[in-house]
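The structure appears right after this line, and notes come after that.
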Amino acid sequence: MFEALFRQREPAGPGLAERRTLVLRTHTCGELRSSDLGSEVALCGWVDRVRDHKGVIFIDLRDRWGRTQLVVGPESPPAVLAAARAVRAEWVIRARGAVGARPAGTTNPKLVTGEIEVVVRELDVLNEAETPAFQPGATELPGEEVRLKHRWLDLRRPAMQDNMFLRSRIVKIMRDHFDELGFIDVETPMLGRSTPEGARDYLVPSRLDHGSFFALPQSPQLYKQLLMMAGFDRYVQVAKCFRDEDLRADRQPEFTQLDVEMSFVEADDVIGVIEGLVKRTAREILGIDVPLPLPRLTWDECMERFGHDAPDLRFGLEIVDLTAIAGESDFRVFRGAVESGGRIRGVRVPGAAAKFSRKDLDELTAVAVEGGAKGLVWLKVEADGSWVGPVAKNLTGVADPLKAALGCEPGDLALIVADSFDVTCKALHMLRKRLGAALGLYDRDAMHFSWVVDFPMFAADVETGGWASMHHPFTAPRPADVEILEADPAACRAVAYDLVINGSEAGGGTIRIHDSATQEKVFKLLGISAETARERFGFLLDALRSGAPPHGGIALGIDRWVMLFGKLDSIRDVIAFPKTQKASDLMTGAPSTVDTKQLVELGIRTVVPPPKPA
RNA sequence: GGGGGUGUAGCUCAGUUGGUUAGAGCGCCAGCCUGUCACGUUGGAGGCCGCGGGUUCGAGUCCCGUCACCCUCGCCA
């Protein structure tokens, strides 16, 4: 199958001619066809497999372009036959010979080069190879630990090469798109100032100022705003970002964003530019047409209908509010939730009653509990329309209205959570995710793009009891909400927009505050004193007072884009050298202890004794 | 920090109720083989059963601890 993909890698036009000028090889291993019959060629690559039949030896030669069969037969010089016999997997060789037609019946339709073979007349071993830890050409995929430790071997695998080429193509589309729209690519520093809000910083000690530290950027947020104040108008950068937080399948400590900022814009301008990119990427990478504009949901709507701010819209299972109806029942759990200001909400799972055993329902209950719920009410609709379930007998008087509200029919399953709004959101969101996957409610090839807008400006900060920024402290409130900024922060909505692809946050941006008075108000609300604000963000406040245009932007998670467009499950498969869940690099051994001399130079003394070398 | 999963040959895995000498496929080494393409075939080598402790006459198997990797909650402005 991957042979077909190799074809896509073939560069058009000048690339071919340029490669012909190379000295060691005339063609790549994915290039020769019947039309080349009789040509004298030279190929270089890795030995993928050897099939030694004594009198005739076949060698599959592999490079990033594909695979070509070399044949060494009785007509080959004895030295070549001997050399071919000695060759082993992953050796790097160069073969010269003529392109020959494979005898009738021996062509290989699975290979784009399967019509031909190269009849070897000269064979040079460019480099031998030790027996590899695993074979890149093998069908069985080694465990990830082994792949990460021998990453260079893993990256030889066609699947990984496809991923890296996909990434390269997507980034090129991004660069072309923004270049054509007049954006300027500006690099911003990696060594910056630590800002304790947000994620944990990666710190870099200063040698010239002991006790002081740089921080690696969590994002180029402030720099790009300052570029707007500097008049660059439209900025773009493929930016490495660093956040020292715990990892996930879709989170790495260092990751890449397509960072974008624009002046004299409103949200629709930024959204429009990104929608153009979405359409273009989907067309060029997947060959699908994405109708624009993309659907937009408000944050409130998302939480009501899906319980999450990045809902997977590839399937239904929308949340239904049952507070008014179920609150009338005698069921203690329902009444209790209502009385303490909570909500009763549920989802209808059509036709699922028979599919879920008691054990399955216990598992779903565990999912709800993991989401913070104290339990899960499950109900099945019998053929006669009656409810069945542990609490069915508690539904006196509300059984039919409940059924009507959920739209349940015989054979359906209903899952209901009664708790605070936040808990019902969390639990039902997790149930939705689980059910969507377990019941196969969506096509794995489907791509769903949407925007979530009108996020709250602030969320309650459980640690401080104050307010915390939902996005970041530079987010502008909706113009209509500026007046209630201080009076009712919870009700204040931001001009913020998240791009959601298949239930994954693929990008997020905001219109920024561009006047220092509003910025200072927001800092104050966030509990950042005037002195602290001046110390940490004085340059921003100064810049805001020196002619700051209205501006806003967005950052797209490139790793996630590639993962999603490549239909992959892990971000690590689109990063050449990723880190493990403990943020270590199994290949290089980073992070590592350093010489005491280095520490002394930096004015640093470690508190934890260094681990004993293994 | 919490929950879950995995760890046995270079790789992928099996290993019964605790019981003799821990197996298979691939790979590796050697022989045979002139049309294979996951070549075939014959033979061979290869094991700290993650590590440490415990229970037991006896531990890959049971218990405790620990390490690594993966998934996940918290966390990720």
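Just so you know, these numbers use all the heavy atoms, side chains as well, and skip hydrogens, waters and symmetry mates. Remember, it's a predicted structure, so these values are computed and weren't measured experimentally. Lettering of chains follows the sequences in order, A, B, ..., and the numbering in each one begins at 1.
- The partner of A14(B) is absent, by the rule that a Watson-Crick or G-U pair needs both atom distances under 3.5 Å.
- Nucleotides C62(B) and G2(B) are separated by 26 Å at their C1' atoms, to the nearest Å.
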Distance-only check: which donor-acceptor pairs under 3.5 Å involve side-chain atoms of residues 98-108 of chain A, not counting sequence neighbours?
| unit_1 | atom_1 | unit_2 | atom_2 | d |
| --- | --- | --- | --- | --- |
| R102(A) | NE | G114(A) | O | 3.3 |
| R102(A) | NE | I116(A) | O | 2.9 |
| R102(A) | NH1 | T106(A) | O | 3.4 |
| T106(A) | OG1 | P103(A) | O | 2.6 |
| N108(A) | OD1 | K110(A) | N | 2.9 |

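- Side chain R572(A) to base C70(B): no donor-acceptor pair is found below 3.5 Å.
- The environment of K433(A) atom NZ is sparse: at most 12 non-hydrogen atoms of other residues, nucleotides or ligands sit within 6.0 angstrom.
- Of the candidate nucleotides C33(B), C69(B), C76(B), C33(B) has the atom lying nearest to any side-chain atom of D52(A).
- With a cut-off of 3.5 Å on both pairing distances, the Watson-Crick or G-U wobble partner of U6(B) is A68(B).
- A close approach under 4.0 Å does occur between a side-chain nitrogen or oxygen of R88(A) and OP1 or OP2 of C29(B).
- Regarding contacts with the backbone of A68(B), every side-chain N or O of K149(A) stays at 4.0 angstrom or more from both OP1 and OP2.
- Separating the CG atom of D250(A) from the P atom of C75(B) is a distance of 16 Å, rounded to the nearest angstrom.
- Using a 4.0 Å cut-off between a side-chain N of Lys or Arg and a carboxylate O of Asp or Glu, R560(A) and D250(A) qualify as a salt bridge.
- In this structure, CD1 in I513(A) is found 10.0 Å from CG in L541(A), a value given to the nearest 0.5 Å.
- Atom P of G47(B) sits at a distance of 10 Å from the matching atom of A9(B), rounded to the whole Å.
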For nucleotides 1-9 of chain B, which of its nitrogen or oxygen atoms have a protein nitrogen or oxygen under 3.5 Å away, and what is each distance?
| unit_1 | atom_1 | unit_2 | atom_2 | d |
| --- | --- | --- | --- | --- |
| G1(B) | O6 | D246(A) | OD2 | 3.4 |

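- With hydrogens and angles ignored, no donor-acceptor pair closer than 3.5 Å exists between the side chain of R49(A) and the base of C37(B).
- At C69(B), one or more side-chain N or O atoms of S584(A) fall inside 4.0 Å of OP1 or OP2 (strictly under the cut-off).
- A salt bridge is absent between R251(A) and D246(A); no separation between the charged side-chain nitrogens and carboxylate oxygens falls under 4.0 Å.
- Using a 4.0 Å cut-off between a side-chain N of Lys or Arg and a carboxylate O of Asp or Glu, D312(A) and R432(A) do not qualify as a salt bridge.
- Stacking between H53(A) and the base of C39(B) is present: ring centres sit under 5.5 Å apart and the planes differ by under 30 degrees.
- Rounded to a whole angstrom, the distance from the C1' atom of C75(B) to that of U16(B) is 44 Å.
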Between the protein and nucleotides 10-13 of chain B, list every N/O to N/O distance that falls short of 3.5 Å.
| unit_1 | atom_1 | unit_2 | atom_2 | d |
| --- | --- | --- | --- | --- |
| G10(B) | O2' | A133(A) | O | 2.7 |
| C11(B) | O4' | A133(A) | O | 3.4 |
| U12(B) | OP1 | G143(A) | N | 2.4 |
| U12(B) | O2' | E140(A) | OE2 | 3.2 |

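- Looking at the side chain of K54(A), the nearest of the listed nucleotides C32(B), U36(B), U72(B) is C32(B).
- Nearest to the side-chain atoms of Q581(A) among the listed nucleotides C70(B), G35(B), C75(B) stands C70(B).
- Contact check on R157(A) versus D573(A) returns no salt bridge, with no Lys/Arg side-chain nitrogen under 4.0 Å from an Asp/Glu carboxylate oxygen.
- Checking U34(B), C76(B), U72(B) against the side-chain heavy atoms of E245(A) singles out C76(B) as nearest.
- With a cut-off of 3.5 Å on both Watson-Crick or G-U wobble distances, the partner of G44(B) is given as C28(B).
- Residues passing the side chain to side chain donor-acceptor pair (under 3.5 Å) test with T256(A) are R167(A), sequence neighbours excluded.
- Neither OP1 nor OP2 of C69(B) sits under 4.0 Å from any side-chain N or O of K582(A).
- For the pair R62(A) CZ and A38(B) P, the interatomic distance rounds to 15 Å; values are reported in whole Å.
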Under 3.5 Å, which donor-acceptor pairs do the side chains of residues 362-375 of chain A form with other protein atoms, sequence neighbours left out?
| unit_1 | atom_1 | unit_2 | atom_2 | d |
| --- | --- | --- | --- | --- |
| T365(A) | OG1 | L361(A) | O | 2.8 |
| K374(A) | NZ | D419(A) | OD2 | 3.0 |

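- Pair assignment for C49(B): none, as no Watson-Crick or G-U wobble contacts are both less than 3.5 Å.
- Within 4.0 Å (heavy atoms only), A199(A) reaches sugar-phosphate atoms of the nucleic acid but no base atom.
- Sequence neighbours left out, the pairs with a member in residues 79-88 of chain A that pass side chain to side chain donor-acceptor pair (under 3.5 Å) are D52(A)-R85(A).
- Between H429(A) and H308(A), the ring planes lie parallel to each other; the angle is under 30°, not in the 30° to 60° tilted range.
- Dashed line: the shortest gap from a side-chain N or O of R51(A) to OP1 or OP2 of C39(B) is under 4.0 Å.
- Pairing partner, G19(B): C57(B), with both Watson-Crick or wobble hydrogen-bond distances short of 3.5 Å.
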